[in-house]
Each structure stands twice: as C-alpha cells, then as structure tokens.
Amino acid sequence: MSGAVDKPAEVPHRIPITSIVAYFLRLGSLGFGGPAALCGQMEKELVGEKGWVTKDEMREAIAISQSMPGPLAIQVGIFIAHMRGGFWGAWAGGWAFILPNFVIVASLGALYVYLGDLQPVTAVFYGVSPAVIALILHSCYRLAKLGMEDWLQWVIAAVCLAVTVILQAEVALLFIGAGIVGILYYGSLFKRTPAALSVTVAPVLAQLAPTASSSILGKLLLFFLKAGSLTFGSGLVIVPFLEQGLVQQFGWLDQRQFLIAVAIGMISPGPVVITATFVGYLVAGFWGSVVSTIGIFLPSFLLVLIAAPLLARHRGNPNVQGFVKGAYAAAIGTILGACILLGRIAVGDWLTALIGLVSLAVLFRWKVSNPLLIAATAVVGLIAFPLLQPTWVMTKF
C-alpha cells in the first residue's frame with residue numbers, strides 16, 4: 001500500500017528525444033518575453049500541463065542555472081532536457097530551442113543589411129518593448145511564487161535589485177555570495193558544498209576561450225564566448241555588457257544599430273541574447289551570425305553538462321539546497337533590477353507607459369498568450385509610431 005502511495009511522487013522518467021526536440025522547437029518559435037517569461041512558460045507547461053518535472057525540480061533547475069553565467073532560459077531548457085533525455089537529449093533540446101530564433105534573427109539581419117534600414121522594426125520596437133517589460137514582471141511574479149519562501153530570500157532579492165540598478169550591470173559575485181548566505185542559513189556550516197563546483201567552471205571556460213584572432217570571425221567568437229561564459233544574469237542584464245563591447249570597445253555598431261539589435265532580441269521569440277545573431281550578421285554576414293550564435297550559447301551547454309551530474313548526486317544535501325535558495329533569490333532581484341534598466345529603453349512617453357500598464361493588467365486578469373500580446377502591441381506600435389514620431393526611441397539608452 002505504502003509503495004503504491006509513494007510511487008506517484010517520483011518523476012525520474014525518461015522522455016523521448018523526439019518529444020524533447022518538438023517541445024523546444026515550439027518554445028523557441030513562440031516563447032516571448034526574455035528569460036523570466038520563458039522560465040515562467042516552462043514552469044506552466046512542463047510542471048503544470050505535461051508533468052515532465054516536479055515543482056522542486058523546476059525550482060532547482062532555475063536556481064542552479066541562474067547561479068552560472070550565461071542565458072538563463074537556455075540553461076534551464078538544457079538542464080531539463082538533460083534530466084529527461086540524457087546527454088544527447090540536452091544537446092538536441094538545447095539547439096532545437098535556439099534554431100527557430102536563429103533563423104528568424106539571421107533573416108532580419110540579412111534584411112537590415114540589404115535594405116539599409118528597418119523603419120517598421122523601430123515602430124514594432126516602440127509598441128512591443130513596454131509589453132515585454134510587462135511580460136517580464138508578470139513572469140517574475142510567477143517565479144517568486146514558485147521559489148521565494150521566507151524573509152531572507154526577499155532581503156537577498158532586494159540587495160541584488162539595488163546593486164543591479166545602481167551599477168547598471170550584472171555582478172557575478174552577487175550570485176555566489178547569495179548562495180553562500182543560503183548555505184550558512186539553510187545548510188550546515190561545516191560541510192563543503194558541492195554547489196561551489198558549478199560556479200567555478202566559468203573561469204575554466206574563460207581559459208579555454210581562444211586568444212584574440214586577427215580575423216573578424218575570431219574576434220566575434222572570442223567576444224561572445226566571453227559574454228556567454230562570464231556574464232551573469234542572462235539576457236536581461238547582458239545589455240550594458242554588450243553595449244560597452246560592441247559600441248565603445250570595438251566600434252562594430254553605432255548606438256542606433258545597437259538599439260535596433262536590442263529591439264530584435266526583445267521582439268523575437270526565444271532568449272534575448274539572440275541579439276548576438278543579429279550583431280554577427282551586421283558585422284560579418286551569415287558566418288558572423290553563426291559564429292556569434294555558437295559563441296553566446298556554447299558555454300551554457302558545457303556548464304550544464306558538467307555541473308548537472310555533480311549536482312544531481314547531491315540534490316538532498318542541505319548545503320546544495322541552501323545554495324539554490326540563495327541563488328534563486330538573487331535571480332529574482334537581478335531580473336527585477338534589469339527590468340528597471342530595460343524600462344529606460346522601453347518607456348519614454350505616455351503611450352508606452354499606457355501599453356506597459358494595460359499589458360500588465362491583461363496578463364494578471366486573463367490568460368493571454370505571449371504571442372497574442374506581442375502581436376497586438378506590435379500593431380499598436382506600427383499605427384502609432386508614424387503619427388507620434390517619438391524621437392527618443394532611437395536616442396534614449
């Protein structure tokens with residue numbers, strides 16, 4: 001009897017790789033709103049609808065992925081694909097997640113290079129961006145409900161929010177420090193935490209990155225490998241890092257082109273860091289987009305595949321659980337801080353403020369799909385932009 005009761009609580013089942021690929025192709029094609037929204041969508045579908053993972057497994061996947069550098073949503077997807085499909089499931093699911101977005105953004109890059117300007121994209125960016133901020137906030141609310149349990153986690157989140165806004169950048173030590181605080185409070189002072197292994201892989205990956213190449217493709221690969229392996233907080237807080245490198249350091253893009261690249265990342269489905277694909281196409285054509293995409297995402301595969309088996313063996317360790325809780329709180333705070341930073345780009349007049357507020361109200365009141373909300377606000381942008389002609393869209397950062 002007791003065995004029959006315990007069995008349903010276990011969910012360590014395997015999922016066919018074809019099913020994993022099909023799901024992540026769909027998510028990569030239709031998932032809007034950045035990492036928080038994508039993680040919220042995975043939580044809704046994989047925990048609530050498909051039952052592929054438990055609530056605790058989803059929470060752990062998000063927290064462990066956030067404790068490592070790189071794009072959060074992709075790492076959560078790879079982590080889940082690895083849990084349910086093994087090594088090859090992780091590679092197949094991860095690249096399936098990326099592929100639709102790569103095709104879309106590389107095509108937009110080709111159009112931009114061919115046409116010289118994409119005025120409709122600016123109009124779409126004008127209408128969609130405040131809705132994207134609303135999607136992030138709503139998804140962050142869902143993620144907070146999923147994993148925020150006590151006062152300490154909220155204190156950690158508040159500190160990370162403040163630091164992100166004040167410094168206008170991600171701070172890697174925040175996640176490590178939050179994890180250590182979690183160990184001290186929730187775990188044991190005298191046990192060494194295996195979770196520390198996951199965050200020590202980043203410096204190793206940095207050493208494996210190629211030395212600066214004289215070719216533009218080599219430089220692109222090096223830059224985006226560094227972005228993918230050393231930047232914590234994923235797409236939501238990677239924008240200041242990219243702006244500094246692409247505009248100020250290398251001069252590959254001007255400020256206007258960079259804002260269009262950010263817009264493409266925000267309005268396209270999938271992870272926001274797919275901006276790298278657009279940048280690569282502008283700088284070095286099709287092969288530039290391929291190299292940049294590989295560079296930004298490859299560290300995520302290596303980190304998850306190296307760290308996941310180690311962490312799986314110690315899932316019940318109180319120190320690992322404490323690290324996860326602390327890092328999860330840091331993730332919530334950093335995402336909210338990034339929301340404020342990105343809000344400076346997205347909201348600049350009464351209409352964009354109204355779009356953001358109405359979008360947030362709609363998301364809380366009705367179960368509206370992300371693509372439908374994005375399509376509706378894109379239409380608003382296409383209609384309103386030529387009428388209002390807001391100059392701040394291309395000058396404000």
Side-chain angles (χ1 to χ4, degrees), residues 35-36 39 59-76 78-79 143 147-150 152-209 225-238 240-241 299-300 302-315 317-338:
C39 289
R59 182 187 306 171
E60 182 181 76
I62 293 172
I64 291 174
S65 298
Q66 184 65 67
S67 72
M68 299 182 294
L72 173 63
I74 286 292
Q75 290 181 178
V76 171
I78 297 169
F79 195 103
L143 294 175
M148 299 294 281
E149 298 175 350
D150 58 29
L152 180 62
Q153 285 185 295
W154 285 111
V155 169
I156 292 172
V159 170
C160 292
L161 187 156
V163 171
T164 301
V165 172
I166 292 170
L167 298 184
Q168 299 187 19
E170 79 295 328
V171 180
L173 289 178
L174 278 179
F175 297 97
I176 300 173
I180 292 172
V181 170
I183 293 168
L184 294 176
Y185 186 79
Y186 301 107
S188 169
L189 284 170
F190 304 106
K191 290 183 181 178
R192 185 179 181 84
T193 174
L197 295 173
S198 68
V199 294
T200 59
V201 182
V204 176
L205 284 177
Q207 295 301 318
L208 293 177
L225 274 173
K226 286 183 176 180
S229 62
L230 297 177
T231 303
F232 280 75
S234 71
L236 290 177
V237 290
I238 203 174
F241 174 86
S300 296
L302 300 180
L303 282 164
V304 172
L305 291 173
I306 292 169
L310 296 173
L311 293 168
R313 289 191 216 118
H314 303 279
R315 194 168 291 168
N317 188 301
N319 291 317
V320 174
Q321 294 175 349
F323 186 91
V324 165
K325 286 184 178 182
Y328 194 98
I332 296 296
T334 304
I335 290 171
L336 286 173

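Considering every non-hydrogen atom in both Met148 and Ile332, the closest pair reads SD-CG1, 3.9 Å. Val76 and Ile62 get closest at one heavy-atom pair: CG2-CA, 3.8 Å. Closest non-hydrogen pair, Gly337 versus Leu161, comes out as N-CG, 3.9 Å. The minimum heavy-atom distance between Ala330 and Ala178, with the atom names listed, is CB-CB, 3.7 Å. The nearest pair of heavy atoms linking Thr334 to Cys160 is OG1-CB, 3.9 Å.
Note that CD1 of Ile176 is 7.0 Å distant from CZ of Phe323, once rounded to the nearest 0.5 Å. Separating the SG atom in Cys39 from the CD atom in Gln75 is a distance of 10.0 Å, to the nearest 0.5 Å.
Residues Val181 and Ile156 are in side-chain contact: their nearest non-hydrogen atoms beyond the backbone lie under 4.5 Å apart.
The salt bridge (Lys or Arg N to Asp or Glu O under 4.0 Å) pairs that include a residue from residues 324-336 are Glu149-Lys325, where partners are two or more places apart or lie in different chains.
Judged by distance alone, the side chains of Tyr186 and Asp150 do bring a donor and an acceptor atom under 3.5 Å apart.
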